[in-house]
There are 2 protein chains.
Amino acid sequence: MKDSKIIDVARRANVSVATVSRVLNASHLVSPKTKEKVLKAIEEMNYTPNALAKNLRSRKTMTLGVVVSDILVAYYAEIIKGIENTANSLQYKILICDAQNQKEKEQEYMSLLMNRTVDGMILVTPKLSNKEIAAYADNGYTIGLIGRFIDHPNIPCAYTDNVKMAKEVVNHLIGQGHEKIAFLSGYADAIDSYERLEGYMKALRDAGMPFIPDLIENGNFNEEGGYAAFKRLKEKNIDFTAVFAANDEMALGVYKACRELSIEIPRQMAVVGVDNNRITKYVTPKMSTVEQPKYTMGALLAEKLIDQMNDNAFSDKRAFKVDSKLLIRESSLSS
Amino acid sequence: MKDSKIIDVARRANVSVATVSRVLNASHLVSPKTKEKVLKAIEEMNYTPNALAKNLRSRKTMTLGVVVSDILVAYYAEIIKGIENTANSLQYKILICDAQNQKEKEQEYMSLLMNRTVDGMILVTPKLSNKEIAAYADNGYTIGLIGRFIDHPNIPCAYTDNVKMAKEVVNHLIGQGHEKIAFLSGYADAIDSYERLEGYMKALRDAGMPFIPDLIENGNFNEEGGYAAFKRLKEKNIDFTAVFAANDEMALGVYKACRELSIEIPRQMAVVGVDNNRITKYVTPKMSTVEQPKYTMGALLAEKLIDQMNDNAFSDKRAFKVDSKLLIRESSLSS
DNA sequence: TTATTAAATGAAATCGATTACACCCAACCA
DNA sequence: TGGTTGGGTGTAATCGATTTCATTTAATAA
């Protein structure tokens, strides 16, 4: 039952605990008939090894922690799938941690790493600073990063080129004839926001178009934020005909604001988001957005991190910059 | 750093490991100045206790496992939030397990319970049979269930009354003047499906309307399934003017099929789903659906289960039937 | 001052596995 | 026949904490 232990099995099979352990761990150093006896005893007693004892002794848990900002956001859920499937195929389990957008929760979850509950951690767009993250790595903990890059010899990263992505989006809008393009950024302190803004500016510069600071607003990466930001833009009374929102949620907020203000998308206002949330295909008009290889990033990083934990052979390649893809749909198409 | 242990701290502070342990566990049995010495040593050595050793000795992990069918589905994500917040407030952590719709994965994750990695498990609409689940409970493991009910003295359950819910939906459709109402069920073996079908039939009976088996189709709880099921219904050439889909995903599939077949919702076909997925508000027309108190179910059950683990005082109330709410939107409203 | 009691502390057992090391014994070789 | 060899097995140390029990120290009462 629930509380039989290795010594009970040993007694029942008339062998030592060492032998039972050998059977459990598929050692070749045990004769077929002994093995059979032991297996029979295990079966009869319904014995399952205590993972805590095992992990304590072996000093590993074969578990990877994954910290995401919000498990409700599909972006994270898909990354998790990538990590999980790869990890499982390499005999690792994953422990999913929902930081609920709070930095303190992230930190709490990091303690799982420090107290040996997990062998490594994958942080997906964490709020922790580069310095804080690097400190963990410097102390010998195994950490990987998704959706962000830190230049540190022990921290593998998988991320998209936000600058390039944003440039592509803005170029597309310019190509559609837009000259005044607003940008909705996410949290002011999020690297993604910053980089996307950078790409936005570069695209304008390359096209010889002026950068108008008033066309930048912050929308906190969520729907309400996007809604409010768009209203603020409108109140400024500056003309603009397109909005590039740093994610789909904010773009959805723009949709809502436009509906209220009777602004027709895309005829009067072009809109592009980022993430390819499933919803973008269901809204009217269908939303143009950017697809990032979420599953792939998860899978790539999980493999890399597990590799690193096992042979300590840090291959030089630890930065995986993957390509994103602009999906042009109705919301940004001039007729 | 990473590998200092309690004995190192003890030596540095010139005390015994027992004393350090007492400080760590906030025992009152330690003098202020000793305590200070110890805390200083802990601080200086950057010591963190090894959770594996601690859990092994104390025979608990203060961790709850949560097995969901698919982490990408918002329904589960919200339940998880409810569980997590409640658990955290009671000093418990949760370990989220994504079974990816596979029964074998569910079973794999159950082994976390059996090998003492978690103190208890919450299963959300699992594929495991009642008998299998009861067997775990009978063996002394702590299990709770969400979205399903098993009559077992040790298994607390939080679920909605599917029969009542389905009746309400069908009554609403009847009230809108529909006489031929199709039903799209989920997995044939899912209890939810079965119960919703039961409610559907009861509502018909109560209204004195005939039950037409040909109007029942299986849609596997996903969009493609709903799409295909609707097409099959249409091919049968039986008239019907409304569809009740056992979840929103399938209803979405119906939307797609209708678009292809140029059937206008709700004028020619009324549609109602279940779950209140966020998408339902964004589709055109807005989808009528049923809201279940997901967060509440999670919170309720987490509290109950933790209670049960701690005082072993099984209060008699272990079945929480919560009320769902029909949200009537555009897709089911005759003009 | 001494007896009594309570508060602090430490030594060692314990949780349940893995594994280094020692040992036994049968098979093989010289 | 005696000495190697090595496969199979057992004993005991170990992982890093908690906790029981015994002991020392300090505080209080007599």
Side-chain angles (χ1 to χ4, degrees), chain A residues 1-39 41-42 45-63 111-119 140, chain B residues 1-39 41-42 45-63 111-119 140:
Chain A
M1 297 301 114
K2 170 171 164 176
D3 23 9
S4 58
K5 21 192 184 181
I6 200 171
I7 192 168
D8 303 321
V9 174
R11 279 202 259 267
R12 176 158 197 138
N14 258 91
V15 296
S16 74
V17 293
T19 298
V20 177
S21 177
R22 288 189 189 104
V23 171
L24 286 171
N25 295 284
S27 163
H28 51 285
L29 280 172
V30 46
S31 77
K33 52 174 150 310
T34 314
K35 181 171 174 181
E36 201 181 348
K37 265 197 311 187
V38 172
L39 287 176
I42 288 176
M45 311 192 67
N46 217 323
Y47 165 79
T48 49
N50 182 315
L52 300 173
K54 175 172 183 154
N55 295 341
L56 174 59
R57 179 62 228 240
S58 63
R59 297 159 146 285
K60 27 169 135 170
T61 62
M62 300 300 282
T63 303
S111 70
L112 294 180
L113 222 200
M114 303 177 60
N115 71 27
R116 317 275 95 198
T117 299
V118 300
D119 296 340
Chain B
M1 297 303 113
K2 170 172 163 178
D3 24 8
S4 56
K5 20 193 187 180
I6 200 170
I7 193 170
D8 302 320
V9 174
R11 278 204 260 267
R12 175 157 196 138
N14 257 90
V15 296
S16 72
V17 293
T19 300
V20 177
S21 177
R22 288 190 189 103
V23 171
L24 287 170
N25 295 284
S27 161
H28 50 287
L29 280 172
V30 47
S31 78
K33 50 173 152 308
T34 314
K35 182 171 174 183
E36 201 182 347
K37 266 198 309 186
V38 172
L39 287 175
I42 288 176
M45 312 192 65
N46 216 322
Y47 165 80
T48 49
N50 182 316
L52 300 173
K54 174 173 184 155
N55 295 341
L56 173 59
R57 178 63 226 237
S58 62
R59 298 160 144 286
K60 26 169 135 170
T61 63
M62 300 300 281
T63 303
S111 69
L112 293 180
L113 221 200
M114 304 176 60
N115 71 27
R116 317 274 93 199
T117 299
V118 299
D119 296 340

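We use all heavy atoms of the structure for the numbers below, so side chains are in, but hydrogens, waters and symmetry mates are not. In what follows, chains are A, B, ... by sequence order, proteins preceding strands, each numbered from 1.
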Protein within reach of the bases, or only the backbone? For nucleotides 16-24 of chain C, mark each nucleotide 5' to 3' as B, S or -, using heavy atoms under 4.0 Å. BBBBB----
Check the distance between C:dG10's P and B:Arg11's CZ and give it to me in whole angstrom. 13 Å
Would you say C:dT9 has OP1 or OP2 under 4.0 Å from some side-chain N or O of B:Thr34? yes
Within this structure, what is the NZ-to-P distance between B:Lys60 and C:dT14, rounded to whole angstrom? 21 Å
Restricting to side-chain hydrogen bond (donor to acceptor under 3.5 Å, both in side chains), what partner residues turn up for A:Arg12, sequence neighbours left out? A:Glu44
CG-CG distance between A:Asn55 and A:Asn50, expressed to the nearest 0.5 angstrom: 8.5 Å
The criterion is side-chain hydrogen bond (donor to acceptor under 3.5 Å, both in side chains); which residues satisfy it with B:Asn115, sequence neighbours excluded? B:Thr117
If the condition is side chain to side chain contact (heavy atoms under 4.5 Å, CB included), which residues does A:Ser31 pass it with, not counting sequence neighbours? A:Lys33, A:Thr34
Tell me, please, which residues at least two apart from A:Ser21 pass side chain to side chain contact (heavy atoms under 4.5 Å, CB included). A:Ile6, A:Asn25
Other residues, nucleotides and ligands only: do more than 12 of their heavy atoms fall within 6.0 Å of NZ on A:Lys35? no
Between the axis at one end of the helix from C:dT1-D:dA30 to C:dA30-D:dT1 and the axis at the other (five pairs apiece), what's the angle to 10 degrees? 50°
Please enumerate all residues that pass side chain to side chain contact (heavy atoms under 4.5 Å, CB included) together with B:Arg22, with sequence neighbours excluded. B:Ala18, B:Thr19, B:Ser27, B:Leu29
Just to verify, what does B:Lys60 make a side chain to side chain contact (heavy atoms under 4.5 Å, CB included) with, not counting sequence neighbours? B:Ser58, B:Met62, B:Asp119, B:Asn310
